[in-house]
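Heads up: the structure comes next, in structure tokens.
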Protein chains: 2
Amino acid sequence: MVFGVWIQQVNEMLEQKNPRSKYRLKRQSLPEALADSLRERILNGEFKEGEPLVQEAIAAEYECSRMPVREAFRQLEAAGLIVSKIHKGAVVTTLPSEQIMELFELRAMLECDILTYALSRMTDHHLDISEQILEQLEDAYHKRDIAKVGALNWEFHRSLYVPADRIQTLALIQGINVQTDRYIRLQLLLTSAFEEAEQDHRQILNLCRSRDTKVVEFMRGHIIRAGHNLLDALNTRKMSGTAV
Amino acid sequence: MVFGVWIQQVNEMLEQKNPRSKYRLKRQSLPEALADSLRERILNGEFKEGEPLVQEAIAAEYECSRMPVREAFRQLEAAGLIVSKIHKGAVVTTLPSEQIMELFELRAMLECDILTYALSRMTDHHLDISEQILEQLEDAYHKRDIAKVGALNWEFHRSLYVPADRIQTLALIQGINVQTDRYIRLQLLLTSAFEEAEQDHRQILNLCRSRDTKVVEFMRGHIIRAGHNLLDALNTRKMSGTAV
DNA sequence: CGACACCCAACTGGATCCAATCTACATAAG
DNA sequence: CTTATGTAGATTGGATCCAGTTGGGTGTCG
């Protein structure tokens, strides 16, 4: 299970609720920082599917020894981003398309569930924050900043779920989103199908503002459609024989 | 997210489907073996909630250096069984009861979903395997072998879901089950409420044999009830002031 | 008597070194 | 010419060593 580390993050977020000290400095060990950086690079497609990750090369890049790299690899492996075989090294995970769709279906199920909880607990303050994120997201999208769009897309979804106060569910969803993000960012490169998602987001926020329970089913459609669009994009890419 | 490592396991299982070589020797590195062993010990309650895990002590126990221990810790942390703070070491995770119930609710949702997929694909062969596991489970239960009951309980559930061929979902469920197992085993020590679950299991298997879709809702009740029973047991224990 | 500073022991974090294993290429036998 | 085998380079796995941080205990000063 990939979500232990997210639980910790979520917990840290929630600790901020009672802001005994306003300033929290985030301290992370080198392996964690490395894992963050490598995760981002995988998500951005810098390391492509099936590409081997060599410990020594990474260590050299970050100017550290191989040890923290090894620990970071364990984290990424637990997150499902890489698989490592004994004495043969690590490679970036490759998912068959059925499993990609399965991930989107899982997201649909879990995110609809948590959204139901969240809807009745949302305050206007929550919604303002979501709107703020959405504006940043739209901005990033128009600037074609893929990495930022990927990150903010999740931030927006997440902001809608926080009021539910369902820590385990949120951690689980975050773990799945990390995986789907890879493909969403890939899709952003390939197609312009994200336009549609942009409009969905506005609609979702509006429905939330009026506390309309129809938003749950709309969200399900939003996620499932995103999955289908992605698979279409991947298939046409495969058809046209473009290299990864 | 905790489920990357499970995905690998599940994939290895499925690889056996095309048995190019009948004999597969499982080779795991020391960190993996350590993680397995430590996970089992945490699940069995040998390391209790909040108890610190000292790298050096573990390393001495297993007669190895601290390095594989550190990597094993990363895995356990990703699985949500321990949390480690920088320069302060690792402690066994403590979950508030709302989060425990949340885990059971997640299981209910995910396991019902996958069971729906599995039901239409089950063969008699699958069911025979499940029955076999169930018999072992009943046997272990009558012998009061807590660890074995915990493991076989999951094996039984799992065997019902395998036909669904939903790898990601199964991996996710497995990750959650690892966490709930801790408390299920604790409950086995405290109460005799598992009798009820035993009968449930027979009922579930019978409904599966007749491919009755009512089994899905029955499963939901089975899991949710297990969660409630567990919380009751935990509360009465807390009331009576018994130490962990 | 209490508060603050300092110091020391225990532990974790990271680097370097050595051993085990895999891959690829070359070489030899059929 | 094909296939099997042996060997060298590369890469991972594990152990040992050193540095940095934490927390508690002691001593000193107000």
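Naming convention: chains lettered A, B, ... in sequence-line order (proteins, then strands); numbering from 1 in each chain.
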Original post:
Can you tell me how far the CG atom of Leu172(B) sits from the CZ atom of Arg166(B), to the nearest 0.5 Å?
Top reply: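 CZ of Arg166(B) is found 11.5 Å from CG of Leu172(B).
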
Subject >> Thr94(B) side, atom OG1; Ile82(B) side, atom CD1 - distance, nearest 0.5 Å >> reply: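 If I round to the nearest 0.5 Å, the distance is 12.5 Å.
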
Original post:
Could you give the CE-to-P distance, from Met67(B) to dC18(C), as a whole number of Å?
Top reply: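 From Met67(B) CE to dC18(C) P: 14 Å.
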
**OP:** Check the distance between dT12(D)'s P and Glu77(A)'s CD and give it to me in whole angstrom.
**Re:**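 Interatomic distance, CD of Glu77(A) to P of dT12(D): 13 Å.
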
Name the pairs: protein N/O against N/O of nucleotides 9-13 of chain C, kept only if under 3.5 Å.
| from | atom 1 | to | atom 2 | distance (Å) |
| --- | --- | --- | --- | --- |
| dT12(C) | OP1 | Gln55(B) | N | 3.2 |
| dG13(C) | OP2 | Gln55(B) | NE2 | 3.2 |
| dG13(C) | N7 | Arg66(B) | NH2 | 3.0 |

**OP:** Give a yes or no on whether the backbone of Gly89(A) and the side-chain of Ser84(A) come within a donor-acceptor separation of less than 3.5 Å.
**Re:**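 No: the side chain of Ser84(A) does not pair with the backbone of Gly89(A).
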
Original post:
Can you name the nearest heavy-atom pair linking Gln187(B) to Ala233(B), along with the distance?
Top reply: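 Minimum heavy-atom separation between Gln187(B) and Ala233(B): CG-CB, 4.4 Å.
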
Original post:
Does Arg41(B) count as lying over the ring of Phe47(B), i.e. NZ or CZ under 6.0 Å from the six-ring centre, within 45 degrees of the axis?
Top reply: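 Negative - Arg41(B) is either too far from the ring of Phe47(B) or too far off its axis.
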
